Visitor: 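Could you have a look at this structure, given as structure tokens, before my questions?
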Amino acid sequence: MTEEEIYTLTVRFGYGLVIVRGILLLTLIIKLPYLTKPSPFTILFWYALIAFLINFFEASFIKIVHLFKTQIVPILQKLEIDDTFFISPFYYVNELLFLGLFYSRVLKDKTGEIVRYAAFVLAGLEILNTVFGEGYKDAQKIGSLLLSLNGIVLPLLFFRKYYPQQKNTSFIQKAYSWISWGILIPYIFSLLVYFLSDTLHTNFRILFYQLSIVRMSIDIIGILMMSYGISLVRAHKRA
């Protein structure tokens, strides 16, 4: 398979990612009337909405550049942009902030308070890293590492607190469990891939696209797991 063919396949998986993010968003929209306003799912709704818009913009950007290469490519070259890495900081801030706030509501107590403060601090660090540090033109190693660790630690904190109570699990806690697995599994795999993205993209382009396809496939499974968890919320239950 040539580099162009594997790139085309990667783009198609990107479209699939947009679709499943739309499914997650739609599931939340359907369930939101069943939830109280301070519900953690309200925060998850904003997370899903922003993530969907970012993915939709990325897919649209790729399509537009492909259709209008002669007009757009020279502009991107002047800006030293040769990939969609410049979109990543928006994605990182959304993940760090809203997933942190979501789990701060789920965990509650002192742990939840620490997680809430950490969410703002990590999101702020990512913004500073983009503006004054690694920038937006290439893949961020520090930003990627923070993102992956955040996506691993938060679900583990949830499982540490609620796993001993699994025999008496409510529908809400089952929903949180599916959401946590849907976040944890992709980030365990992504930890190495995100950290090596810049090197792989520069020196092993085909391998980079192949791993990107695997990563997006796992992301798709994770998002569908989150959607299933949200679907467990019942009308007579309150989060």
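Given the structure is predicted, the values throughout are model-derived calculations rather than measurements.
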Visitor: What pair of heavy atoms forms the shortest contact from Leu28 to Leu44, and how long is it?
Guide: CD1-O, 3.6 Å
Visitor: I need the full list of side-chain hydrogen bond (donor to acceptor under 3.5 Å, both in side chains) pairs touching residues 62-73, with sequence neighbours left out, sorted by first then second residue.
Guide: none
Visitor: Is it the case that the ring center of Phe45 lies less than 6.0 angstrom away from the ring center of Phe98?
Guide: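 Phe98 vs Phe45: aromatic centres not under 6.0 Å.
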Visitor: Tell me if the CZ atom of Phe61 is crowded by more than 12 foreign heavy atoms within 6.0 Å.
Guide: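 Atom CZ in Phe61 is crowded, with more than 12 foreign heavy atoms closer than 6.0 Å.
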Visitor: Roughly how far, to the nearest 0.5 Å, is the CZ atom of Phe52 from the CG atom of Asn55?
Guide: 8.5 Å
Visitor: Apply the test side chain to side chain contact (heavy atoms under 4.5 Å, CB included) to residues Val65 and Ile62: give CA-CA distance (whole Å), side-chain angles for both, the deciding distance (0.1 Å), then the verdict.
Guide: CA-CA 5 Å; Val65 170; Ile62 293 172; 6.0 Å; no
Visitor: Below 4.5 Å, heavy atoms only, C-beta onward: do Phe159 and Trp181 meet side chain to side chain?
Guide: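 Side chain of Phe159 against side chain of Trp181, heavy atoms only: contact under 4.5 Å found.
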Visitor: Heavy atoms only: give me the nearest Gly229-Ala175 pair and the separation to one decimal.
Guide: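 Closest heavy-atom pair between Gly229 and Ala175: O-CB, 3.0 Å.
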Visitor: Closest approach of Gly222 and Pro186, non-hydrogen atoms and distance?
Guide: CA-CG, 4.1 Å
Visitor: Say whether Thr130 and Glu134, considering side chains only, have a donor N or O and an acceptor N or O under 3.5 Å apart.
Guide: no
Visitor: For Asn129 and Glu126: C-alpha separation, side-chain torsions, deciding distance, then whether side chain to side chain contact (heavy atoms under 4.5 Å, CB included) applies.
Guide: CA-CA 5 Å; Asn129 184 43; Glu126 170 55 26; 4.0 Å; yes
Visitor: When you check the side-chain N and O atoms of Tyr103 and Thr111, is any donor under 3.5 Å from an acceptor?
Guide: no
Visitor: Between Thr84 and Ile87, is there a side-chain heavy-atom distance shorter than 4.5 Å?
Guide: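 Ile87 reaches Thr84 side chain to side chain.
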Visitor: Could you report the tightest heavy-atom contact between Ser212 and Thr10, atom names first, then the distance?
Guide: CB-CG2, 4.2 Å
Visitor: Quick one: hydrophobic cluster around Ile114, which other residues, with the 4.5 Å side-chain cut-off, linked directly or via members?
Guide: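 Result for Ile114 is none, singleton.
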Visitor: Side chains of Val131 and Tyr136, heavy atoms from C-beta outward: is any pair under 4.5 Å?
Guide: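 Heavy-atom side-chain distance check fails, nothing below 4.5 Å.
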Visitor: Measure up the Phe41 and Tyr176 rings against each other and bin them: parallel (under 30°), tilted (30 to 60°), perpendicular (over 60°).
Guide: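 Correct class here is parallel.
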Visitor: State, without any angle test, whether Ser88 and Gln140 hold a side-chain donor-acceptor pair at a distance under 3.5 Å.
Guide: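 On atom types as modelled, these side chains do not qualify, holding no pair under 3.5 Å.
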Visitor: State, without any angle test, whether Glu95 and Tyr187 hold a side-chain donor-acceptor pair at a distance under 3.5 Å.
Guide: yes
Visitor: I'd like to know whether Ile223 forms a side chain to side chain contact (heavy atoms under 4.5 Å, CB included) with Ile23, so could you lay out the CA-CA distance, the side-chain angles of the two residues, the decisive distance to 0.1 Å, and finally the verdict.
Guide: CA-CA 9 Å; Ile223 295 169; Ile23 293 173; over 6 Å; no
Visitor: Scan side-chain atoms only and decide if Ser144 and Tyr92 contain a donor-acceptor pair under the 3.5 Å cut-off.
Guide: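 There is such a pair (donor and acceptor under 3.5 Å, judged by atom type) between the side chains of Ser144 and Tyr92.
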Visitor: To the nearest 0.5 Å, how far apart are CH2 in Trp178 and CD1 in Ile230?
Guide: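 If we round to the nearest 0.5 Å, Trp178:CH2 and Ile230:CD1 are 13.0 Å apart.
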Visitor: Is the closest side-chain heavy-atom distance between Ile19 and Ile220 below 4.5 Å?
Guide: no
